[in-house]
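Everything quoted here is computed from the prediction, not taken from an experiment.
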Amino acid sequence: MTIYDELVARGLIAQVTDEAEIKELINAGKATFYIGFDCTADSLTAGHFMALTLMKRLQMAGNKPIALIGGGTTMIGDPSGRTDMRKMLTKEDIDHNAECFKRQMERFIEFGDGANQAMMVNNADWLLKLNYVELLREVGACFSVNNMLRAKCYEQRMEKGLSFLEFNYMIMQSYDFYHMFQTIGCNMQFGGDDQWSNMLGGTELIRRKLGKDAYAMTITLLTDSQGNKMGKTAGNAVWLDANKTSPYDFYQYWRNVGDADVMKCIRMLTFLPLEQIDEMATWQNGRINEAKEILAFELTKMVHGEEEAVKAQNAARALFSGGGDAAADMPSTALAAADFTDGAIGLLDMMVKCALAPSKKEARRLVEQGGVEVNGERAADPTTRFAADAFAGEGLILKKGKKVFHRVVTE
RNA sequence: GGGAGAGUUCCAGAGUGGCCAAAUGGGGCAGACUGUAAAUCUGUUGCGUAUCGCUUCGGUGGUUCGAAUCCACCCUCUCCCA
């Protein structure tokens, strides 16, 4: 099976500019493609994950990936699909974030100077040097404002107001492609489907300025059965950085996807052979949880390594199915002597300390509603206090709700 | 540049002198039911040394016994005209 057919079979392709050409290019390993990453945070998220796996798939097929860090474009802010303006970041923040991204990407794709080894570039290197008038003269005539205003990525902002700053994002992104096409032979751009109009801006610019063809392809956005973007819990991103989202939590995120979304995720995100996936798709209801475990394990393994994945899986099994002592891998907090008053600590204070509740009021509510267990016993009294020696040995196991476990020990 | 309007809690959006920590919906969290799923139902959703106190309604001042609500100035945004 060719790489292109595989991408189609996995449901990864959303839109392409020229199917026949792209097919030939990537099947033959002749594409030098880029994917841009806005560096608004110091870690990549589960939302970027699919892009990373796509880079890996294409690299394995012999194509050369370019990871473009948006050091320059981040200073403008992509308005696509947004209803509010992004916060402006300082140059220092952006540089720091770019550095963090690179470390994480190295887990997935191989960087180097070889023919199909990946390279990383930062568009700050050329965008920040641009001169306004020169830029206008160079590319300004190639963009039709009429068309830009019709672009889907600005649609939502047209209702609320779009600043000129953000309006220029498309031009910057197009310029990136144009620049890399000339300097490093980048002939294809990949990106999320929400980037489609920005990407077309680039191919159009190249065609107009250089009379040459460049290609663009978008990846299906990973949404759940309700149409929400995946990779977020309660509005917070699921991070790839173990310090921001622990391997256990990462595992749990995927372990808990809805029934309707499991097979889709396995198909799009894992590297399991398609035949195996097709077979899994025929599994009966009872085995849906098995499929979820496979999904969670595979993804955790890719992001955090096999060892962490095994630990996360064992911990999850022990906590939810009983038995085993792998619960040692659950998140934990060590209390300092200063957290104790008269040799004891209150239940509510302890919960806040462990970040199981943002405030004591919230902690109290949880206890009163029967959502808290200590060492397997429901804690019904918010005034309960625990003496320091209660934490001896394994410490205390706090449980919030059905799924959140936390070990509390003393320093 | 001229004119009109808007800024309320996580979001949307009521509230136009005291009964307002602020309706309603969404989202979140917890409980029940389950399969660590979905759907449904229930409770809850500013903070606290807790039948009371404290801090919130763009910002700063002011009027008043009392202000999200009235006044002044400022900031931000939207719309119409240029």
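- Rounded to whole Å, the distance from CG on A/Asp349 to P on B/C47 is 15 Å.
- Using a 4.0 Å heavy-atom distance criterion, A/Glu368 is classed as making no nucleic acid contact.
- Nucleotide B/A21 forms a pair with no other nucleotide shown, judged by Watson-Crick or G-U wobble geometry with both contacts under 3.5 Å.
- Taking the P atoms as reference points, B/G3 lies 25 Å from B/U69, given to the whole Å.
- The side chain of A/Ser359 places no N or O atom within less than 4.0 Å of a non-bridging phosphate oxygen (OP1 or OP2) of B/G46.
- One can place CE of A/Met351 at 16 Å from C1' of B/C47, the figure rounded to the nearest angstrom.
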(request) Check the pair A/Tyr34, A/Phe181 against ring pair (Phe, Tyr, Trp, His ring centres under 6.0 Å), reporting the backbone distance first and the verdict last. (result) CA-CA 10 Å; A/Tyr34 94 86; A/Phe181 183 86; over 10 Å; no
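- Side-chain contact of A/Glu308 with A/Tyr251: a donor-acceptor pair under 3.5 Å is absent, judged by distance alone.
- Using a 4.0 Å heavy-atom distance criterion, A/Lys360 is classed as a sugar-phosphate-only contact.
- Note: NZ (A/Lys400) to P (B/C29) measures 7 Å, nearest angstrom.
- Pairing of B/A4, defined by two Watson-Crick or G-U wobble distances under 3.5 Å, is identified with B/U78.
- Across all strands shown, nothing is found opposite B/G66 as a Watson-Crick or G-U wobble partner with both distances under 3.5 Å.
- In this structure, A/Ala357 reaches neither bases nor backbone, as no heavy-atom distance under 4.0 Å exists between it and the strands shown.
- In this structure, B/U36 forms no base pair with any nucleotide, since neither Watson-Crick nor G-U wobble geometry is met with both distances under 3.5 Å.
- The same atom, C1', is picked in B/G46 and in B/C20; the two are 13 Å apart, to the nearest Å.
- Among the heavy atoms of the strands, none lies under 4.0 Å from A/Arg287.
- Checking the phosphate oxygens (OP1, OP2) of B/A37, a side-chain nitrogen or oxygen of A/Lys403 falls inside 4.0 Å.
- A/Leu366 places its CG atom 11 Å from the C1' atom of B/U45, with the value rounded to the nearest Å.
- At whole-Å resolution of the value, CZ in A/Arg364 and P in B/U44 are 16 Å apart.
- Using the Watson-Crick or G-U wobble rule with both distances under 3.5 Å, B/G27 pairs with B/U45.
- Atom CG in A/Asp259 sits about 11 Å away from atom P in B/A39, given to the nearest Å.
- For the residue pair A/Ser43 and A/Gln104, a side-chain donor N or O sits within less than 3.5 Å of a side-chain acceptor on the partner.
- With B/G31, B/U44, B/U36 as the candidates, the nucleotide lying closest to the side chain of A/Arg378 is B/G31.
- Between A/Glu362 atom CD and B/A50 atom P the separation is 19 Å, expressed in whole Å.
- Put simply, CD on A/Gln369 is 11 Å from P on B/A32, counting in whole angstrom units.
- In this structure, A/Val257 reaches the sugar-phosphate backbone alone: every heavy-atom distance under 4.0 Å involves primed, P, OP1 or OP2 atoms, never a base.
- Base contact: A/Arg255 has a heavy atom under 4.0 Å from a base atom.
- Neither side chain, A/Arg317 nor A/Asn314, offers a donor N or O lying under 3.5 Å from an acceptor on the other.
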(request) Take A/Gln195 and A/Gln173, measure what side-chain hydrogen bond (donor to acceptor under 3.5 Å, both in side chains) needs, and give me the verdict at the end. (result) CA-CA 10 Å; A/Gln195 296 292 311; A/Gln173 186 167 333; 3.2 Å; yes
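- Two residues, A/Ala316 and A/Val352, neighbour RNA chain B, and the one matched to the more 5' nucleotide by heavy-atom proximity is A/Ala316.
- By the 6.0 Å and 45° rule, A/Lys102 stacks over the aromatic ring of A/Phe111.
- The C1' atoms of B/G25 and B/G48 are separated by 29 Å, rounded to the nearest whole Å.
- Only the P atoms considered, B/G27 is 16 Å distant from B/C11, to the nearest whole Å.
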